[in-house]
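Below: one structure, written as structure tokens.
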Amino acid sequence: MGIQNKEGALFWATRIDNSGLKKDSEEAKRYIQDISDFAKSAGAALGAAFSVGVLKRFGQEVINVRGEMQMLESSFDVLLGGNGVPAFMAELKKFAVDSPLSLSGVSQAAQTLLGFNVEAEKVIHTIKQLGD
């Protein structure tokens, strides 16, 4: 410690022991790495749990929609006397996609019209007119 002369320049020399600082900084880095590793593993576990839940709900929804479609097909089979149900359903689905109406709403309207003996060929046109 003290003043030192090095080639004509005066320097104030200090002896600061920074070994504790280095040790503490390395320890802090280890803590941060441990926290980061924990967050990654917890995030992966939460992500897996979330995706399993989403897949389960998606599968259940697919089953529900398929069940509803089968019920609609059965209903139209009865209302149409078993004639042209696949073509009618295809036309109904296309109309529901192309219009702002839902398939459920279009199907209910079609069932009602068929129940009142409106011809199957006129059902989509009539629903469109009512919607407009």
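The two residues Ala120 and Leu114 make their nearest non-hydrogen contact at CA-CD2, 4.0 Å. Residue Val106 comes nearest to Ile127 through the heavy atom pair O-CD1, 3.7 Å, listed as atom of the first residue, atom of the second, then distance. The shortest heavy-atom contact between Ser107 and Leu92 is OG-CD2, 3.8 Å.
For the atom pair Leu72 CG and Gln108 CD, the distance stands at 9.0 Å (nearest 0.5 Å). To the nearest 0.5 Å, the span separating NZ on Lys93 from CG on Asp98 amounts to 14.0 Å. Taking CD of Glu91 as the reference point, atom CD of Glu121 lies at 9.0 Å (rounded to 0.5 Å). Distance check: Leu113 CG to Gln111 CD gives 10.5 Å after rounding to the nearest 0.5 Å. Rounded to the nearest 0.5 Å, atoms OG (Ser75) and CD (Glu68) are 13.0 Å apart. Between the CE atom of Met89 and the CG atom of Leu80 there is a distance of 10.0 Å, given to the nearest 0.5 Å.
For the pair Glu26 and Lys29, the salt-bridge criterion is met [side-chain N within less than 4.0 Å of a carboxylate O].
Both Val85 and Met69 sit in one connected hydrophobic cluster of ILVMFWY residues. Membership requires side-chain heavy atoms under 4.5 Å apart, directly or through other members.
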